[in-house]
Student: 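Sending over a structure as structure tokens; questions will come in a sec.
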Amino acid sequence: PSPLTGSPPQALVDDTEDVSLDFGSEEELALRKAKIRHPLATFFHLFFRVSAIITYLFCDWFSNSFVACFVTILLLLSFDFWSVKNVTGRLLVGLRWWNQIDEDGKSHWVFEAKRVPTIAASTEAEARIFWLGLIICPVIWTMFFFSTLFSLKLKWLALVIAGISLQTANLYGYIHCKVGGQKSISRVTSRFFVTADVPKRQTRRISGGHIEVHGKTGTR
């Protein structure tokens with residue numbers, strides 16, 4: 001046949017057949033980057049800690065009672081500690097830490113990193129909000145500590161130390177979950193490859209022994 005009426009080259013046919021457009025994965029990636037799947041948890045992750053900071057800065061405008069301001073800020077810090085430790089960390093980043101007591105009465109700290117399904121996984125925006133709020137707020141309370149110390153407002157010192165302690169505890173726990181989870185995964189994978197390689201070595205030694213025996217019997 002002539003070049004004009006002939007069949008198209010086989011490579012061109014293969015290329016047109018293999019082309020596939022997967023818009024689903026791109027849409028899912030875009031939703032993961034932009035959408036917030038847990039708006040209520042994201043809101044309360046920042047609400048209590050930001051409210052505690054604002055109340056500390058402007059409590060003199062609202063009330064002249066030191067006890068009322070002290071109790072209000074301490075309650076906000078306590079609510080923040082509980083919600084971040086038990087709710088928002090699990091929903092927004094899939095991390096959790098807690099303390100358990102065994103049968104012998106010994107206390108053990110457990111740091112867990114769960115591998116959640118793709119549908120229920122947190123988005124990048126949620127993870128960014130979680131870690132920024134977790135890191136920035138203890139830094140602000142540390143600045144309050146030095147300002148309180150240098151201005152000799154010692155009556156607020158206990159409250160500032162409580163704020164640093166509660167929020168630093170959550171920060172330490174979740175960093176330990178993040179780093180410890182990666183180490184545990186690497187240890188499990190290394191143990192898996194080691195245990196998977198042991199039977200291969202044993203079978204190689206056994207097969208090698210059979211080959212040597214057959215060789216000796218053959219020469220005889």
Side-chain angles (χ1 to χ4, degrees), residues 22-59 61-63 68-100 109-145 147 156 159-185:
D22 188 6
F23 294 104
S25 60
E26 294 180 359
E27 292 178 356
E28 184 179 358
L29 182 60
L31 288 174
R32 182 173 175 82
K33 288 183 177 180
K35 186 178 179 182
I36 294 178
R37 297 184 180 180
H38 307 92
L40 194 62
T42 305
F43 171 76
F44 280 106
H45 177 71
L46 299 175
F47 174 74
F48 291 119
R49 53 183 52 213
V50 174
S51 298
I53 293 173
I54 293 175
T55 306
Y56 177 81
L57 290 174
F58 303 104
C59 64
W61 294 9
F62 303 137
S63 175
C69 294
F70 189 95
V71 172
T72 302
I73 297 171
L74 191 61
L75 286 175
L76 289 172
L77 290 172
S78 301
F79 291 154
D80 170 73
F81 177 80
W82 183 90
S83 61
V84 173
K85 178 180 176 295
N86 297 304
V87 181
T88 61
R90 179 173 54 86
L91 293 178
L92 300 183
V93 290
L95 303 175
R96 186 174 62 174
W97 66 277
W98 73 96
N99 181 268
Q100 66 179 13
W109 292 97
V110 181
F111 303 92
E112 183 181 36
K114 287 188 176 181
R115 307 188 71 176
V116 296
T118 307
I119 298 176
S122 61
T123 62
E124 293 182 3
E126 289 176 341
R128 191 177 298 111
I129 291 172
F130 177 84
W131 288 109
L132 285 177
L134 203 68
I135 294 171
I136 292 175
C137 291
V139 174
I140 294 176
W141 282 105
T142 305
M143 294 170 60
F144 289 163
F145 173 79
S147 64
W156 295 100
L159 181 63
V160 173
I161 292 174
I164 295 174
S165 302
L166 291 174
Q167 297 199 352
T168 305
N170 265 328
L171 178 61
Y172 172 79
Y174 282 114
I175 290 177
H176 205 290
C177 288
K178 191 72 175 177
V179 178
Q182 294 177 355
K183 288 183 179 180
S184 62
I185 291 173

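For the numbers below, each heavy atom of this structure counts, side chains included, while hydrogens, waters and symmetry mates do not. Numbers here are sequence positions counted from 1.
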Student: Can you see which heavy atom on Pro138 is nearest to which on Leu171, and at what distance?
Tutor: CG-CD2, 4.5 Å
Student: What heavy-atom pair brings Ala41 and Leu91 nearest, and what distance separates the two atoms?
Tutor: CB-CD1, 3.9 Å
Student: Under 4.5 Å between any side-chain heavy atoms of Phe144 and Ile164, yes or no?
Tutor: no
Student: I'd like to check the side-chain contact (heavy atoms from CB on, under 4.5 Å) partners of Trp61; sequence neighbours left out, ordered by chain and number.
Tutor: Phe58
Student: Quick one: side-chain contact (heavy atoms from CB on, under 4.5 Å) partners of Ser165, sequence neighbours excluded?
Tutor: Ile161
Student: Roughly how far apart are Arg96 CZ and Arg90 CZ, rounded to 0.5 Å?
Tutor: 7.0 Å
Student: Could I get the full list of ring-ring contact (aromatic ring centres under 6.0 Å, His included) partners for Phe81, not counting sequence neighbours?
Tutor: none
Student: Which residue pairs pass the salt bridge (Lys or Arg N to Asp or Glu O under 4.0 Å) test with at least one member in residues 70-88, sequence neighbours excluded?
Tutor: Arg49-Asp80
Student: Using side-chain heavy atoms (C-beta onward) and a distance below 4.5 Å, is Leu95 in contact with Phe111?
Tutor: no
Student: Got a sec: does the CZ of Phe70 have more than 12 other heavy atoms crowding it under 6.0 Å?
Tutor: yes
Student: Within this structure, what is the CG-SG distance for the pair Asn170 and Cys177, rounded to the nearest 0.5 Å?
Tutor: 10.0 Å
Student: If we ignore hydrogens and angles and just use 3.5 Å, is the side chain of Tyr174 paired with the main-chain N or O of Leu134 as donor and acceptor?
Tutor: no
Student: Provide the closest heavy-atom pair for Cys59 versus Trp156 in the form atom of the first, atom of the second, distance.
Tutor: SG-CH2, 3.6 Å
Student: On a heavy-atom basis, which atom in Trp141 and which in Val160 lie closest, and how many Å separate them?
Tutor: O-CG1, 3.5 Å
Student: Enter the distance from Leu77:CG to Ile53:CD1 here, rounded to the nearest 0.5 Å.
Tutor: 8.5 Å
Student: Give, for atom CZ of Phe79 and atom CZ of Phe47, the distance between the pair rounded to the nearest 0.5 Å.
Tutor: 10.5 Å
Student: Going by side-chain contact (heavy atoms from CB on, under 4.5 Å), name the residues that satisfy it together with Thr42, two or more places apart in sequence or in a different chain.
Tutor: Ile36, Leu92, Glu126, Ile129
Student: Does Asn86 reach the side chain of Trp98, with side-chain heavy atoms less than 4.5 Å apart?
Tutor: no
Student: Are any of the side-chain heavy atoms of Val87 and Phe44 separated by less than 4.5 Å?
Tutor: no
Student: Once ring-ring contact (aromatic ring centres under 6.0 Å, His included) is applied, do any residues pair with Tyr172, and if so which ones, sequence neighbours excluded?
Tutor: His176
Student: Would you sort out whether Phe48 and Trp82 count as a ring pair (Phe, Tyr, Trp, His ring centres under 6.0 Å), showing the intermediate values?
Tutor: CA-CA 10 Å; Phe48 291 119; Trp82 183 90; 9.2 Å; no
Student: Kindly write out the residues that satisfy side-chain contact (heavy atoms from CB on, under 4.5 Å) with Leu132, not counting sequence neighbours, or none if the list is empty.
Tutor: Arg128, Ile136
Student: Which value, rounded to the nearest 0.5 Å, describes the distance between Ser51 atom OG and Leu75 atom CG?
Tutor: 12.5 Å
